Every structure is written in structure tokens, then in C-alpha cells.
Student: 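I'd like to ask some things about the structure below.
Naming convention: chains lettered A, B, ... in sequence-line order (proteins, then strands); numbering from 1 in each chain. Only a predicted model underlies this, so the values are computations on that prediction, with no experimental measurement involved.
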2 protein chains.
Amino acid sequence: MTIRAMCDTFDVTPRTLRFYEAKELLSPIREGQKRLFTRRDRGRLKLILRGKRFGFTLEDIRQLLSLYDLGDQQQTQLKRTLEIARQRLDAMRQQRADLDSAIGELDEQIIAGQQLLTEKMRQSAA
Amino acid sequence: MTIRAMCDTFDVTPRTLRFYEAKELLSPIREGQKRLFTRRDRGRLKLILRGKRFGFTLEDIRQLLSLYDLGDQQQTQLKRTLEIARQRLDAMRQQRADLDSAIGELDEQIIAGQQLLTEKMRQSAA
DNA sequence: AGACAAGTTGACGTGAAGGTCATTGTAACG
DNA sequence: CGTTACAATGACCTTCACGTCAACTTGTCT
């Protein structure tokens with residue numbers, strides 16, 4: 001798959017794909033000087049984009065990608081990766097809790113603001 | 001309240017407070033050249049920090065702060081602010097949904113990784 | 001051969017949210 | 001009066017995730 005096809009498929013720019021390659025998140029093969037993205041790259045890119053939506057940094061993602069790429073992993077390495085993943089999971093659960101209470105609070109604020117607005121409208125109507 | 005007291009109370013650096021002043025999030029009064037932070041500043045800082053934990057940008061926060069500061073607000077202005085708040089609320093709900101599914105998926109991945117590790121351990125034990 | 005598209009590398013720019021000096025000011029202590 | 005300590009200002013630095021632009025190759029069509 002050429003870089004253009006990748007960009008169209010995943011809605012990213014060429015710059016992004018080259019950037020990910022530089023960061024060792026992707027490793028397209030070369031035909032001459034051109035990049036060709038394989039099935040593997042497509043799979044990884046999907047995961048990268050998902051990871052990004054969830055607020056992982058690219059470096060986090062680079063480490064987590066090894067979860068999906070375990071062929072020759074050592075046990076120690078795998079343990080480390082699981083550890084990282086668990087930490088992220090905890091962080092995400094915490095974030096989820098924060099977000100939830102934030103939503104509640106903001107919701108209340110909006111209701112209060114809405115009431116204030118309604119009062120004002122009654123006032124200027126009178 | 002001096003800048004030091006503020007920093008200790010809210011666990012931020014002086015740089016941060018000066019930065020927020022430059023961004024018009026805070027407006028401490030001056031005694032000579034020194035900043036003195038009032039009740040109002042303390043209230044606003046609390047809100048700023050909460051907003052930050054929830055992923056608002058400082059510019060978002062600057063706008064939302066007017067929700068708490070409505071004395072001379074016009075209705076039109078208030079409506080705008082409510083609109084912004086509602087948009088953020090929607091974004092946050094979306095973010096929460098994303099986060100939920102991410103948590104679920106990551107959880108599964110970890111379980112899978114854990115099983116793989118267990119197998120490996122059995123192998124090397126045999 | 002000319003021209004165009006699509007690709008490449010390299011270098012520099014961007015915005016958010018501060019960090020990190022270096023320098024200068026001011027006030028209180030002994 | 002000198003030292004310490006806390007403040008202030010200004011200027012540049014940092015990280016992340018790319019954007020932007022220039023200059024150059026390669027391949028293809030006509």
C-alpha cells in the first residue's frame with residue numbers, strides 16, 4: 001500500500017506516517033526509495049490511532065504495541081509491558097472517575113446558568 | 001495572600017500564577033510591586049485547577065469563568081457562555097464513552113497478555 | 001524531450017502550558 | 001550597613017505531535 005492509499009484509508013497525512021516511522025511505530029518496507037505499507041503496518045496504525053483517541057502518548061503506544069507483537073518477547077519484557085498497561089489502565093480509570101464528576105458539576109453549573117438566564121428574561125419582560 | 005502562600009495552598013509555582021495573570025485568569029492587586037491575591041483570586045484558581053484536571057484549555061477556562069462572574073453580564077453574553085459550556089459537556093460525554101470502551105479493550109488485552117505469560121511460564125517449567 | 005504527479009529528505013515553525021535562568025528590586029534582620 | 005530571603009520582570013527553553021516549505025528523484029503520459 002502506497003503512502004497515499006494509507007492516508008486516504010486512515011485519514012492522516014503523509015507527514016504523520018513518516019513521523020510515525022521515525023518514531024519506530026511503523027516500519028514500511030522500501031521499494032526503491034518509496035515506502036510500502038504492509039498488513040502489519042495497517043494493523044499497527046489502527047492501534048496507534050485508537051491509542052491516540054484515548055490519550056496515550058506516542059511513546060506509550062510504542063511500548064504497548066509490543067503487546068501485539070510478542071513472537072520473540074522474553075518473559076521479563078512481557079511482564080514490563082503488562083505492568084505499563086496496568087498502570088495506564090489505572091490512570092484511565094482515575095481519569096474516568098474525574099471526568100464523571102466533572103460532567104456532573106458542569107451539568108449543574110449549566111442548569112444554574114440557565115435558571116439565571118430565565119430570571120433575567122422574566123425581569124426584562126416585566 | 002502573598003504569592004508564596006498561594007503556591008503552598010494550591011501546590012502551584014509562582015511562574016504558574018504569573019502566567020495565569022498574564023492570561024487574564026487571575027487579577028491580583030498590587031501592594032507596591034508585589035502581588036496580593038484576594039478571596040476572588042483564590043476562588044478562581046480553584047476553578048482553574050479543577051477545569052485543568054478535566055482537560056479544559058486555559059482559554060476554555062477563561063471563558064467559563066465568566067459563568068461564575070455574572071454581575072454585569074448581558075443576556076447575550078450569558079447565552080454564549082452557556083453554549084460553550086454545553087459544547088464542552090457534550091465533548092466530555094463523548095470522551096467518557098471513548099474512554100469507557102478503551103478501558104474495556106485495554107483490560108482485555110491485559111488479560112490476553114497475562115494468559116500468554118502464564119503459558120510461557122508453564123513452558124519453561126516443563 | 002517536456003511536463004506533471006507522487007514520492008523523498010531535511011529543516012524550520014507552531015501552540016499549549018508552563019520551566020528555567022539571569023538580573024533587578026525591596027524589605028526585614030542583626 | 002551588609003546579608004539573607006522573597007518578589008518581580010524578561011527572555012529564552014522544553015515537550016508533543018505534527019504542519020509547512022524547499023529542493024530533489026522517479027515514474028508515467030503524451
Student: Chain B on DNA chain C: first and last contacting nucleotide, 5' to 3', under 4.0 Å to a heavy atom?
Tutor: C:dA17 to C:dT26

Student: Same cluster or not: are A:Leu64 and B:Leu116 linked, directly or through other Ile, Leu, Val, Met, Phe, Trp or Tyr residues, by side-chain heavy atoms under 4.5 angstrom apart?
Tutor: yes

Student: State plainly whether the residues B:Arg44 and B:Glu21 are in salt-bridge range, i.e. N to O under 4.0 Å.
Tutor: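 No salt bridge links B:Arg44 with B:Glu21.
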
Student: So, taking the atom named CG in B:Leu26 and the one named CZ in B:Phe37, what distance separates them when rounded to the nearest 0.5 Å?
Tutor: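 Going from the CG atom of B:Leu26 to the CZ atom of B:Phe37 covers 6.5 Å.
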
Student: In terms of side-chain heavy atoms, does A:Asp98 have a donor or acceptor partner in A:Gln94 at a distance below 3.5 Å?
Tutor: yes

Student: Would you say the side chain of B:Glu59 lies within less than 4.5 Å of the side chain of B:Arg62, judging by non-hydrogen atoms?
Tutor: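 Yes - at least one pair of side-chain heavy atoms lies under 4.5 Å apart.
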
Student: Does the protein touch nucleotides 5-20 of chain D at the base, only the backbone, or not at all? Give it as B, S and - per nucleotide, heavy atoms under 4.0 Å.
Tutor: --SBB-------BBBB

Student: Starting at CZ of B:Arg93, measure out to CG of A:Leu106 and round the result to the nearest 0.5 Å.
Tutor: 8.5 Å

Student: Are the side chains of A:Gln95 and B:Gln95 in contact, using a 4.5 Å heavy-atom criterion?
Tutor: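 The answer is yes, as the side chains (C-beta and beyond) meet within the 4.5 Å cut-off.
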
